[in-house]
Each structure stands twice: as C-alpha cells, then as structure tokens.
Amino acid sequence: MPEIPDVETYKRYFNKTSLHQRIRRVHVESPSILFETSPQGLGHALKHKSFQSTDSHGKYLFAAIEDDKWLVMHFGMTGEIKYFQHQKDMPKYTRFLITFENGCHLAYVAPRKLGRVGLVDTPQSLITGQHLGPDALEITGEQFHEQAMKRRGNVKSWLMAQSSIAGIGNVYSDEILFHARIHPKRSVSDLDEATVQRLYKAMQSVLKAAIDAGADPDEMPSSFLLPHRNKGAHCPVCGTRIATVKASGRTAWYCPKCQT
DNA sequence: AGGACGCCCTGTTCGC
DNA sequence: TGCGAACAGGGCGTCC
C-alpha cells in the first residue's frame, strides 16, 4: 500500500509528467476526499498556475504551486496518480482531476476514498499539524536509537506509528522486520543496541531496494517477503510456512523460524 | 503511552 | 454455484 517507496515512485512520476505546465481546469469528483479545502478553494489555488517542484514526507506527497501554497496528497491504502491524454483513458475511481493547457490530465485515483487531497502553506506546516515524526529515510541512527530507548510496546507498532517514524505501513514494517530477523511482537524495550542497529540498517536497505524496484513487488529481490504475504506461502530464506499475528489491529506476516 | 476496537470506504476473497 | 461475511489497511477517535 502507499508507503514511502510508493510515494517516492509517485513523486518521480509527478516530476516527469506534471511540472511547469499551466493548469487549465480542475475538477473534484468526490469532495469527501478534500482536506481543509473546498472544490472552489482548490480550483482557485490551481487554475492558471503551474507546479514548480515536489517534496514528500512519509506517506505524503507535496507539489508546490507557483507563488502560492502546496498541494498535498495522501493515498490511504489504494490511492495513486495517473497522467493520461485521452478522455477514454481516464481511470475508474478518479476523485480529482487536473487538466493542463496541453490537453493532458493528471488524475488522483482512490477506489476506497481513504486518501486525502488538500492545500497547505508548506510541507512543514502539514508535518507539524499531523504530528509526523521524521521521514524513515531521513531519520538518523541517533534519533532512531533515542526513540527505541523511550518506546514501549511491540516493535511493529513502533515502526508503523507515523508520529514516531513517518512513511512505514503494514507491508514494509513486515518486510523490514523480516530482514532484521525480529519477531513483529517483540517488545522494543527488549531489543539490545546491536539489534536496534540491525533494524535501522534493514529499514534503510529495504526502503531503498523497494524504491529501486519502483515499488513494484515483481521487481523486488527474490529475498523479499512481500510476494509471500499470503496464505500457504513459504519463507524465501528457509522455506518455513509463513505465519500471521495481529499487531495494532493489522495482520503481520512473518517467518516463525527466521524471526525471533 | 499504547493497544484494542470501531469506523470510514469498496472490491475481492472466503466459507458455508 | 451463490450469497453474505470477512478481509484488505491508513488514519482517526474513543475507551481503558
């Protein structure tokens, strides 16, 4: 689901398709997805402007509107963006549509309407307002260790807590814990320094590899757990049947032999 | 503080 | 085979 690797991939896609083009029209198909703005507000902010640059923090993607605020997009669990030319190629479940002067369109697509689109003064104002922790790719080893010292509860919940570390969700927390060989329900306070260090390194390498793969599970290294997150699958390392356990109301997939 | 739970959403999968 | 229940999970609010 849209976590850091997906958002990074969307950012690159946005940069490739949608920067420095004048916006002709804005259409909000589903106003319920709007965050602190209205269809009129969004239209007013975007019409006849262009996007200058992009930024991201955790699961949020930002696009700078020339001489103005930032468009912010969050993708919930099923959101994506799609650039297309012909009306017939408009994706199903398009909730928000930008039409550029060149006749091409950028669609914000969200089948389950769990994502949000809005306007913010700066990325930082959103980060502050939503109480987001440091981005998982920017958090330093020191910050990571400091959090581990203070944090109570299980390790998977920690990795997924956006106020602690921004950008990791259910899928990649499983992947990171798999590579670090840590059981998802292990208590954070139970991890020694070397294990915290291993977890930090696994977080960085997993996220980077996933970004290199364009967040496409089919393109990821064969050592990844991601393609095996289903019933009856086996561990890509030792062949043991993959197990599940609930953590923070989400299903964690893990290898009962590799992860302790 | 953190976890369990319900809710929002809707397409897909599961189980009887 | 068919239908409703359960599930998928990001984030939020509530309760404990």
Side-chain angles (χ1 to χ4, degrees), chain A residues 1-11 28-37 56-62 72-82 91-96 107-118 120 123 125-136 146-178 183-191 203 207 210 215 217 225-233 242-254:
Chain A
M1 306 307 113
E3 304 176 31
I4 276 190
D6 312 88
V7 173
E8 179 63 30
T9 302
Y10 296 166
K11 183 162 83 177
V28 177
E29 184 66 35
S30 306
S32 67
I33 60 147
L34 296 183
F35 169 78
E36 288 180 358
T37 187
S56 66
H57 188 97
K59 299 175 185 176
Y60 291 85
L61 176 61
F62 305 92
V72 56
M73 285 170 275
H74 183 274
F75 300 96
M77 59 179 283
T78 54
E80 59 176 330
I81 50 175
K82 202 89 196 176
K92 213 175 169 185
Y93 313 115
T94 293
R95 308 302 185 186
F96 169 56
Y108 170 86
V109 187
R112 278 173 231 185
K113 294 187 187 172
L114 292 177
R116 291 290 177 265
V117 170
V120 289
S125 57
L126 186 281
I127 292 165
T128 306
Q130 299 299 112
H131 309 291
L132 299 181
D135 184 279
E146 267 171 44
Q147 283 201 25
M149 305 264 284
K150 285 185 286 188
R151 182 82 186 187
R152 295 183 290 157
N154 69 70
V155 63
K156 181 178 169 71
S157 298
W158 173 41
L159 293 179
M160 290 197 300
Q162 302 303 299
S163 56
S164 298
I165 303 164
I168 299 171
N170 197 28
V171 171
Y172 286 99
S173 61
D174 281 354
E175 193 67 52
I176 291 163
L177 290 168
F178 175 70
H183 190 286
K185 297 285 271 187
R186 270 280 283 286
S187 164
V188 178
S189 60
D190 185 45
L191 305 177
M203 177 176 77
L207 294 178
L225 177 69
L226 225 168
H228 308 284
R229 296 175 100 259
N230 53 65
K231 259 195 187 133
I242 295 298
T244 63
V245 64
K246 289 279 179 189
S248 288
R250 306 283 184 248
T251 302
W253 298 80
Y254 71 103

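Per chain, numbering begins at 1; letters A, B, ... match sequence-line order.
- In this view, A:E3 satisfies the side-chain hydrogen bond (donor to acceptor under 3.5 Å, both in side chains) rule with no residue, not counting sequence neighbours.
- A:M160 has its CE atom 13 Å from the P atom of B:dG2, to the nearest Å.
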Let me check something: any side-chain donor-acceptor pairs from residues 28-35 of chain A under 3.5 Å, sequence neighbours excluded? List them with distances.
| from | atom 1 | to | atom 2 | distance (Å) |
| --- | --- | --- | --- | --- |
| A:E29 | OE1 | A:H27 | NE2 | 2.9 |

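- In this structure, the side chains of A:L177 and A:L225 stay at 4.5 Å or more apart for every pair of heavy atoms.
- Under the 4.5 Å side-chain criterion, counting only non-hydrogen atoms from C-beta, A:T78 is not in contact with A:Y93.
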Using a cut-off of under 3.5 Å, enumerate the N/O to N/O pairs linking the protein to nucleotides 4-6 of chain B.
none

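- Going from atom NZ of A:K59 over to atom C1' of C:dG10 covers 6 Å, rounded to whole Å.
- Residues meeting the ring pair (Phe, Tyr, Trp, His ring centres under 6.0 Å) test with A:Y108, sequence neighbours left out: A:F75.
- Close to B:dG3, at under 4.0 Å from its OP1 or OP2, lies a side-chain N or O of A:S157.
- Counting all heavy atoms, side chain and backbone alike, A:S56 lies closest to A:E8 at OG-OE1, 4.2 Å.
- Between A:H74 and C:dG10 there is no side-chain N or O to OP1 or OP2 distance below 4.0 Å.
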Is there any protein nitrogen or oxygen under 3.5 Å from a nitrogen or oxygen in nucleotides 14-16 of chain C, and what are the pairs?
none

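- Listed by chain and number, the residues in a ring pair (Phe, Tyr, Trp, His ring centres under 6.0 Å) with A:F96 amount to none (sequence neighbours excluded).
- For A:R151, the side-chain contact (heavy atoms from CB on, under 4.5 Å) partners at least two apart in sequence or on another chain are A:S157, A:W158, A:A161, A:S164, A:V188.
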Mind listing the N/O atom pairs, protein and nucleotides 9-11 of chain B, below 3.5 Å?
| from | atom 1 | to | atom 2 | distance (Å) |
| --- | --- | --- | --- | --- |
| B:dG11 | OP1 | A:Y93 | OH | 2.8 |
| B:dG11 | O5' | A:Y93 | OH | 3.4 |

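- Looking at residues two or more places apart in sequence or on another chain, you find no ring pair (Phe, Tyr, Trp, His ring centres under 6.0 Å) involving A:F62.
- In this structure, the separation between CD1 on A:I176 and CG on A:L159 is 6.0 Å, given to the nearest 0.5 Å.
- At distances below 3.5 Å, at least one donor-acceptor pair connects side-chain atoms of A:D135 with backbone N or O atoms of A:G58.
- Per the geometry, CG belonging to A:N230 stands 12 Å off C1' belonging to B:dT13, to the nearest Å.
- A:R229 pairs by the salt bridge (charged side-chain N to carboxylate O under 4.0 Å, His left out) definition with A:D174, not counting sequence neighbours.
- Applying the side-chain contact (heavy atoms from CB on, under 4.5 Å) test to A:T251 and every residue at least two apart in sequence or in another chain returns A:T244, A:K246, A:W253.
- Computed from coordinates, the A:W253 CH2 to C:dC7 C1' distance equals 11 Å when rounded to whole Å.
- When distances run from any side-chain atom of A:Q130 to the nucleotides B:dA1, C:dG11, C:dC12, the shortest one goes to C:dC12.
- For A:K82, the NZ atom counts as loosely surrounded, since its 6.0 Å shell holds 12 or fewer non-hydrogen atoms of other residues, nucleotides or ligands.
- Atoms NZ (A:K156) and P (C:dG10) sit 8 Å apart, rounded to a whole Å.
- Regarding A:H131, its NE2 atom lies at a distance of 15 Å from the P atom of B:dG2, rounded to whole Å.
- At a threshold of 4.0 angstrom between heavy atoms, the contacts of A:T251 are confined to the sugar-phosphate backbone, with no base atom among them.
- Comparing the axis of the opening five pairs of the helix from B:dG2-C:dC16 to B:dC16-C:dG2 with that of the closing five pairs yields an angle of 60°, rounded to 10°.
- Atom CE in A:M149 sits roughly 18 Å away from atom C1' in B:dA1 (whole-Å rounding).
- Distance CD (A:E3) to C1' (C:dA8): 13 Å, rounded to an integer number of Å.
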